[in-house]
Number of protein chains: 2
Amino acid sequence: MTVNGNGCLTCKVRKSSVLEPCAIGTLSAISTFKNSRKFEKGEFLFKEGEEVKGVFFIKKGVVKVLKEVPGYRTLIFKVCAKGEIVGHRGYDSKNIHKYSGVALSETECCFVPIVFFKEILRDSPDLEKQLMEEYLIDLERMEQKSMSLAYKSVKEKVAEAILLVSGVYDYHVKRRSFNIDLSRQDFADLTGTTKEQVSAVLKEFSRDSLIRYSGKKFNFIDLDALKSVAATY
Amino acid sequence: MTVNGNGCLTCKVRKSSVLEPCAIGTLSAISTFKNSRKFEKGEFLFKEGEEVKGVFFIKKGVVKVLKEVPGYRTLIFKVCAKGEIVGHRGYDSKNIHKYSGVALSETECCFVPIVFFKEILRDSPDLEKQLMEEYLIDLERMEQKSMSLAYKSVKEKVAEAILLVSGVYDYHVKRRSFNIDLSRQDFADLTGTTKEQVSAVLKEFSRDSLIRYSGKKFNFIDLDALKSVAATY
DNA sequence: TATAAAAAGTACGAGATCGTACTTTTTAAG
DNA sequence: CTTAAAAAGTACGATCTCGTACTTTTTATA
């Protein structure tokens with residue numbers, strides 16, 4: 001447990017976090033009980049079915065949140081980057097994780113053990129309100145995702161996934177290129193399709209000049225054209 | 001506005017509602033501000049894109065909660081029966097409904113205007129806690145649904161839908177039969193497929209003795225066999 | 001009860017998607 | 001830098017799903 005000057009109040013990723021509007025008391029409470037943890041690429045932060053041990057605030061790296069059918073398939077619900085909170089939702093009734101969190105790159109987190117987090121939450125209506133907001137965002141996201149999974153073509157879904165990923169890596173027209181940590185399989189898991197389809201669609205998008213890429217390096221993304229392909233209802 | 005003895009405290013559907021564990025103060029506050037509203041089959045309780053005017057507690061009837069791509073397709077997120085609360089989730093940031101609620105049968109609700117509901121909520125941590133719980137349940141439901149939509153076959157999804165519907169209509173082995181208010185198209189909207197596929201799969205299930213039905217009258221449902229077909233991961 | 005309209009059932013061809021099998025490229029390790 | 005292993009790309013047949021077009025049944029209404 002680190003109790004030092006390097007706390008939440010001065011944290012440089014706080015502005016993109018649920019903690020952003022929280023009171024000083026809430027932040028210093030979290031600072032007191034947090035400790036830093038690192039994960040390598042591919043490592044699980046937490047696993048579906050396991051007991052909830054605490055919550056993670058991502059300081060560095062990218063994490064995929066997913067559910068697997070063991071030995072069959074995986075669906076990625078969201079991809080979280082620095083500032084975001086993960087693993088905070090298992091702590092209902094049974095304290096068991098309903099999904100997993102896996103590092104897509106080397107990841108650094110602030111970890112707050114669940115007993116402390118619950119205690120802090122009890123005395124922090126600001127944090128509770130933020131969490132509520134977070135749930136509502138996740139719900140809306142999942143509803144949108146369900147629509148896509150149900151009715152969009154592979155092509156539309158892959159376009160959507162590229163847009164999502166470009167957001168996570170903060171792509172904008174002025175940036176030359178960016179390296180993603182997601183494999184083709186990750187794209188497939190994000191869209192409910194197969195890696196073969198992803199490869200084919202990416203190539204098609206490249207041929208049509210919607211994207212330019214080589215391996216995991218992407219650039220010259222025509223965001224508007226992709227949006228139009230993704231046909232976001 | 002009805003302020004009478006017929007309030008929430010003595011309401012016969014309360015036990016199946018988010019209000020069940022709420023304090024007397026919370027209940028009587030709601031009783032004070034609620035009024036009764038009726039909807040005919042097919043009528044919208046509220047519509048995606050419209051301003052949130054209040055929340056509905058279902059007293060009688062069945063309501064489908066859905067999102068549509070106008071002129072294209074519809075996805076039903078859930079089917080709510082008596083005791084359940086609907087329309088309570090638009091009141092974030094913009095106060096706009098993100099989905100619609102449509103009566104599947106003649107429906108009777110207690111309606112609480114949003115200003116009052118928000119006020120009551122502010123002073124009722126018990127109700128707030130229940131709502132939070134409700135969001136978490138919805139999230140888990142949507143995540144499960146996404147998995148199904150992404151990776152299950154039409155047959156598996158229809159089996160799942162029958163199980164869902166049998167739950168809504170409280171089917172159990174001892175019941176002879178039950179009439180559903182959902183059309184084949186509703187089943188399709190529930191499973192992200194088409195009414196033609198639903199007809200075909202229902203027939204197949206009937207042939208294999210998993211269900212017996214005629215039109216909208218269902219009985220002799222082999223729940224275990226259906227569960228095994230639905231292959232709930 | 002007759003009649004129209006809506007819903008459900010049926011069959012089937014077109015097209016999309018999957019997944020195997022293979023080749024090529026990239027990445028990681030020695 | 002070399003080599004092995006993993007990831008990505010490619011092609012294609014098998015399968016699944018969709019959606020049209022039609023018939024039959026059910027429901028609603030006069």
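Just so we're on the same page: letters track the sequence lines, and every chain starts at 1. No hydrogens, no waters, no symmetry mates; every other heavy atom, side chains included, goes into these values.
- The shortest distance between side-chain heavy atoms of V62(B) and C80(B) does not fall below 4.5 Å.
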Between protein and nucleic acid, restricted to nucleotides 15-17 of chain D and to nitrogen or oxygen atoms under 3.5 Å apart, what atom pairs and distances do you find?
from: dT17(D); atom 1: OP1; to: V154(B); atom 2: N; distance (Å): 3.2

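- Qualifying ring pair (Phe, Tyr, Trp, His ring centres under 6.0 Å) partners for F187(B), counting only residues two or more places apart in sequence or in other chains: none.
- Taking the side-chain contact (heavy atoms from CB on, under 4.5 Å) definition, one finds that K53(B) meets it with F111(B), sequence neighbours left out.
- Residues S16(A) and E84(A) bring no donor and acceptor atom of their side chains to less than 3.5 Å of each other.
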Listing, residues 172-179 of chain A side-chain donor-acceptor contacts under 3.5 Å, not counting sequence neighbours, or none:
from: R175(A); atom 1: NH1; to: Y169(A); atom 2: O; distance (Å): 2.4
from: R175(A); atom 1: NH1; to: D170(A); atom 2: O; distance (Å): 3.2

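- In this structure, the side-chain contact (heavy atoms from CB on, under 4.5 Å) partners of K64(A), at least two apart in sequence or on a different chain, are L66(A), I76(A), V102(A), L104(A), D186(A).
- Applying the side-chain contact (heavy atoms from CB on, under 4.5 Å) rule to Q197(B) yields the partners V154(B), T193(B), T194(B); only residues at least two apart in sequence or on another chain are considered.
- Without hydrogens or angle criteria, R89(B) side chain to Y135(B) main chain gives no donor-acceptor distance under 3.5 Å.
- Within the 4.5 Å cutoff, no side-chain heavy atoms of L149(A) are placed close to those of T191(A).
- Here K195(A) lies out of heavy-atom contact (under 4.0 Å) with every strand.
- Here dC12(D) presents its C1' atom at 12 Å from CD of E196(A), a figure rounded to the nearest Å.
- The local environment of CD in E106(A) is sparse, with at most 12 non-hydrogen atoms from other residues, nucleotides or ligands closer than 6.0 Å.
- The side-chain contact (heavy atoms from CB on, under 4.5 Å) check on K60(B) picks up E108(B), with sequence neighbours excluded.
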Name each donor-acceptor pair under 3.5 Å that joins a side chain in residues 198-214 of chain A to protein atoms two or more places apart or in another chain, with its distance.
from: S199(A); atom 1: OG; to: K195(A); atom 2: O; distance (Å): 3.4
from: E204(A); atom 1: OE2; to: K155(A); atom 2: NZ; distance (Å): 3.1
from: Y213(A); atom 1: OH; to: K203(A); atom 2: N; distance (Å): 3.3

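- As judged by a 4.0 angstrom heavy-atom cut-off over every strand, S199(B) is placed among the base-contacting residues.
- Mapping S183(B) and A150(B) onto DNA chain C by nearest heavy atom places S183(B) closer to the 5' end of the strand.
- Taken residue by residue, residues 100-108 of chain A places no heavy atom nearer than 4.0 Å to DNA chain D.
- Here the closest non-hydrogen pair linking V52(B) and I114(B) is O-CG2, 3.8 Å.
- Taking the charged nitrogens against the carboxylate oxygens, K67(A) and E140(B) do have a contact shorter than 4.0 Å, which makes a salt bridge.
- First and last contacts of DNA chain C with chain A, using any nucleotide atom under 4.0 Å from a protein heavy atom and ordered 5' to 3', fall at dT17(C) to dT20(C).
- Taking every heavy atom of residues 204-221 of chain B and every atom of DNA chain C, pairs under 4.0 Å involve Y213(B), K216(B), by number.
- Remark on the helix from dT1(C)-dA30(D) to dG30(C)-dC1(D): inter-end axis angle 60°, axes from five-pair C1' superpositions, rounded to 10°.
- Remark: K47(A) does not engage E68(A) in a salt bridge, criterion side-chain N to carboxylate O under 4.0 Å.
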